[in-house]
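To start, the structure itself, in structure tokens.
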Amino acid sequence: MNSSTTPIALTASGSNDAGLPIAAVERETGLGKDTLRVWERRYGFPTPLRNASGDRVYSLDQVQQLRLISRLLGLGLRPGKVVGLDQAALQDLLIRRSPAQTAVLSKTNVLEASTDPMIGDMLHAIGAHDPHTLRYSLSHAQLRMGLAPFVTDLVAPLTTAVGEAWAQGRFEIFEEHLYTEVITGVLRHAMASLAPQPVAQGPKVLLTTVPQEQHSLGLLMVEALLTLEGCTCVSLGTQTPLTDIVEAAQAHRIDVVALSFSNLHKAAVVRASLRELRAQLLESTALWVGGACTALYQWPVAGISTVQHLSGLQPLVAQWRHAN
């Protein structure tokens, strides 16, 4: 969501078409470089060309297919079922697999009748490229609702709706980036406006994601709710190597490390990473994990607490305080 790329010419074919290098595709889709190379060998897709330096360059059409594939993997489908399907088939599959309550946009931003009116208005503001109206609407909703309901009842479903609209080709990347920047500013301002606790409370929580995990809004929502609970939060942003997570936890005297995972990672890789991190962290440092990755909940790892829904954060905080 937070990437910026510059297309380069596909000189290998002598065409003037634009394309993206593999690092840019990784940022735009959330699919790792190694994953793209494995798919190329195993499934014959994607099929990059080579630039003058011999590096892989991906056409914009293939990048859009990879975006759709990334969303379908997030809904639980396996690569063998979706890699190589054309855009029309991917979009049809996404519509059929998407939750019924997800907001659906047409290219003219006409909303389904069942869409929540408040969410619908904000989606229209994004599609109309109107950050002022979007920021105003979000800020006033936060003041009316209070921070916790604002995050759980509005920001969470709105973020899902924006993601689905992007995956279905109804929002462009720059429109999704617009939403990310505006909601980040609104949430940061809301957290900064909270009155400081008269007495510092634990736990002190380190928030981040592992490498190749670029989704940041989930972390920000968690940070807002934990701040509201009186926790001290240290955010490292996304894609922090495991060794750096351990060093940061020790340097900041962290009580809890909290990680967010989307469903883009293989279950075996997620479990291996968590076991490695659990082994390297101090025994007294709790490890909380959550997100859309189904492997977190199907195969729990000893010494790690899972948070499948945002509503599960408050009980975990209370449990930590009771034990400490």
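One-based numbering along the sequence shown.
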message = In the structure I gave you, are the side-chain heavy atoms of Arg278 and Ile304 within less than 4.5 Å of one another anywhere?
response = yes

ask   = CG of Leu93 to CD1 of Ile69: how many Å apart, nearest 0.5 Å?
value = 10.5 Å

key: Any Leu49 side-chain heavy atom under 4.5 Å of Tyr58 side chain   = no

task = Please step through side chain to side chain contact (heavy atoms under 4.5 Å, CB included) for the pair Thr180 and Leu217, ending with a clear verdict.
result = CA-CA 7 Å; Thr180 299; Leu217 284 185; 4.3 Å; yes

message = Between Tyr179 and Thr159, is the side-chain hydrogen bond (donor to acceptor under 3.5 Å, both in side chains) condition met? List the steps.
response = CA-CA 9 Å; Tyr179 168 68; Thr159 300; 2.7 Å; yes

request  = Please check if atom OH in Tyr297 has more than 12 non-hydrogen atoms from other residues, nucleotides or ligands closer than 6.0 Å.
outcome  = yes

Validation row: Ile22, Arg37 side chains within 4.5 angstrom (heavy atoms) = yes

ask   = Given the rule that I, L, V, M, F, W and Y join up when any side-chain heavy atoms are under 4.5 Å apart, are Leu226 and Leu194 in one cluster?
value = yes

Verdict with supporting geometry, Gln64 and Gln87, side-chain hydrogen bond (donor to acceptor under 3.5 Å, both in side chains) = CA-CA 8 Å; Gln64 176 62 12; Gln87 288 192 38; 4.6 Å; no

request  = List the steps and the verdict of side-chain hydrogen bond (donor to acceptor under 3.5 Å, both in side chains) for Thr47 and Glu40.
outcome  = CA-CA 7 Å; Thr47 54; Glu40 184 181 337; over 6 Å; no

inquiry  = I need the Leu90 CG to Leu85 CG distance, nearest 0.5 Å.
reply    = 5.0 Å

inquiry  = For Pro157 versus Ile119, what's the shortest heavy-atom pair and its separation?
reply    = CB-CD1, 3.9 Å

request  = Take Leu287 and Val256, measure what side chain to side chain contact (heavy atoms under 4.5 Å, CB included) needs, and give me the verdict at the end.
outcome  = CA-CA 6 Å; Leu287 182 55; Val256 176; over 6 Å; no

request  = Return yes when atom CD of Gln201 has more than 12 non-hydrogen atoms of other residues, nucleotides or ligands closer than 6.0 Å, and no otherwise.
outcome  = yes

query = Got a second to check how far Arg135's CZ is from Leu178's CG, nearest 0.5 Å?
reply = 8.0 Å

ask   = Do Val234 and Ile254 come close enough that some side-chain heavy atom pair is under 4.5 Å?
value = yes

query = More than 12 foreign heavy atoms under 6.0 Å from CD of Gln298: is that the case here?
reply = yes

inquiry  = Tell me the closest heavy-atom pair linking Ala148 and Leu225, and the distance in Å.
reply    = CA-CD2, 3.8 Å

Closest heavy-atom pair and its distance - Phe150, Leu138 = CE1-O, 3.4 Å

Intermediate values then yes/no, side-chain hydrogen bond (donor to acceptor under 3.5 Å, both in side chains), Thr240 and Thr208 = CA-CA 7 Å; Thr240 305; Thr208 190; 2.7 Å; yes

ask   = What are the two closest heavy atoms between Val182 and Pro131, and how far apart are they?
value = CG2-CB, 4.2 Å

message = Do Arg321 and Cys231 have side chains that approach each other closer than 4.5 Å (heavy atoms only, starting at C-beta)?
response = yes

key: Gap separating the CG atom of Leu60 from the CD atom of Gln65, nearest 0.5 angstrom   = 12.0 Å

ask   = Cluster question for you: counting only ILVMFWY and a side-chain heavy-atom cut-off of under 4.5 Å, with indirect links fine, are Leu236 and Leu282 together?
value = no

message = Test side chain to side chain contact (heavy atoms under 4.5 Å, CB included) on Val205 and Thr232; report intermediate values, then the result.
response = CA-CA 6 Å; Val205 184; Thr232 301; over 6 Å; no

request  = Check Val151, Leu147, Leu154 against Gln142 for a side-chain contact (heavy atoms from CB on, under 4.5 Å) and give me the one that passes.
outcome  = Leu147

task = Drop me the distance from Trp288's CH2 to Asp255's CG, to the nearest 0.5 angstrom.
result = 9.0 Å

message = Using only atom types and a distance under 3.5 Å, with no angle test, would you say the side chain of Asp92 pairs donor to acceptor with the backbone of Ala88?
response = no

query = Roughly how far apart are Gln319 CD and Asn324 CG, rounded to 0.5 Å?
reply = 10.0 Å

request  = Look only at the side chain of Lys33 and the backbone of Glu26, and say whether a donor-acceptor pair between them is shorter than 3.5 Å.
outcome  = no

task = List the atom of Thr209, the atom of Ser260, and the distance in Å for their closest heavy-atom pair.
result = CG2-O, 3.7 Å

Single-linkage hydrophobic cluster, 4.5 Å side-chain cutoff, Leu73 and Tyr43 together = yes

inquiry  = So Ser137 and Asp121, do their side chains get closer than 4.5 Å, heavy atoms only?
reply    = no

For Arg188 against Ser235, the heavy-atom pair lying closest together = NH2-OG, 4.3 Å

request  = Output yes when a side-chain donor or acceptor of Ser53 lies under 3.5 Å from a complementary backbone atom of Asp55, and no otherwise.
outcome  = no

inquiry  = Would you say NE2 of His309 has more than 12 non-hydrogen atoms from neighbouring residues, nucleotides or ligands within 6.0 angstrom?
reply    = no

task = Test Leu277 against Leu259 for side chain to side chain contact (heavy atoms under 4.5 Å, CB included), laying out the working first.
result = CA-CA 11 Å; Leu277 184 58; Leu259 303 178; 3.5 Å; yes

request  = Taking the side chain as every heavy atom from C-beta outward, state whether Val222 and Leu313 have any atom pair closer than 4.5 Å.
outcome  = yes

request  = Please tell me if the side chains of Leu207 and Cys233 come closer than 4.5 Å, counting only heavy atoms from C-beta onward.
outcome  = yes

